[in-house]
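In this chain, residues are counted from 1 in sequence order. Heavy atoms only: backbone and side chains are in, while hydrogens, waters and symmetry mates are out.
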Amino acid sequence: MTRLTLIVEADGTDAHRLDHLTSTLRSDLVATGLVTVARPRTDPPPDARTGAGLSVGELIVSGVLSTGTMSALASVLIAHIRRTGARSVTVRRGEDEYRFTGLSEDAQRDLIHQLTAGADESAR
């Protein structure tokens, strides 16, 4: 099973708006039925009075991430960025990072190819 970290970025956005963008992306990904999506927990600051909180702007995606699944996820990320106005979503897999923005069709295909090629290699 492969695990990815997704990081939603939006310029000039407060924590509440970023949380909303992240929750919306989570819903979009869950709706595909292809992956498991969770919000990572963070340690509270030393002076906090409450327990661990959610990491605003981050999601953990896991599952069997085949080439077809990765391509579908990339399409969801691009549609989310265009619909919500988020600046980008960064996908981290191990040491590799891929950044999705409001890309042209050709640039989208190139990025999806890079991401799916990495999925094929990690599945071996």
Tell me the closest heavy-atom pair linking [X] and [Y], and the distance in Å.
X    : Y   : value
F100 : I81 : O-CD1, 3.1 Å
A72  : L34 : CB-CD1, 3.7 Å
A86  : A10 : CA-CB, 4.4 Å
R83  : D28 : NH2-OD2, 2.6 Å

Please tell me whether [X] and [Y] are part of a single hydrophobic cluster in this structure, the criterion being side-chain heavy atoms less than 4.5 Å apart.
X   : Y   : answer
V91 : V30 : yes
L59 : Y98 : yes
I60 : L18 : no

Look up atom [atom1] in [X] and atom [atom2] in [Y], then write down how far apart they are to the nearest 0.5 Å.
X   : Y   : atom1 : atom2 : value
S71 : L65 : OG    : CG    : 12.5 Å
L77 : M70 : CG    : CE    : 9.5 Å
L73 : I78 : CG    : CD1   : 11.0 Å
L21 : E9  : CG    : CD    : 11.5 Å

Checking side-chain polar atoms at under 3.5 Å, does [X] have a donor or acceptor matched by the opposite partner on [Y]?
X   : Y   : value
R99 : S88 : yes
E58 : T22 : no
T24 : S27 : no

Item to check | Trace of the side-chain hydrogen bond (donor to acceptor under 3.5 Å, both in side chains) decision for T5 with R93 | outcome: CA-CA 7 Å; T5 301; R93 183 180 52 233; over 6 Å; no

Next on the checklist: Would the distance check show the side chain of T32 and the main-chain N or O of L29 forming a donor-acceptor pair, the cut-off being under 3.5 Å?
Outcome noted: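 Checking the backbone N and O of L29 against the side chain of T32, a donor-acceptor pair under 3.5 Å is found.
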
Item to check | Short N-O contact, D19 and R26, less than 4.0 angstrom | outcome: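 No.
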
Next on the checklist: More than 12 heavy atoms of other residues, nucleotides or ligands under 6.0 Å from CZ of R87: yes or no?
Outcome noted: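 Above 12, so yes.
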
Next on the checklist: Test side chain to side chain contact (heavy atoms under 4.5 Å, CB included) on L25 and V8; report intermediate values, then the result.
Outcome noted: CA-CA 9 Å; L25 178 56; V8 178; 3.8 Å; yes

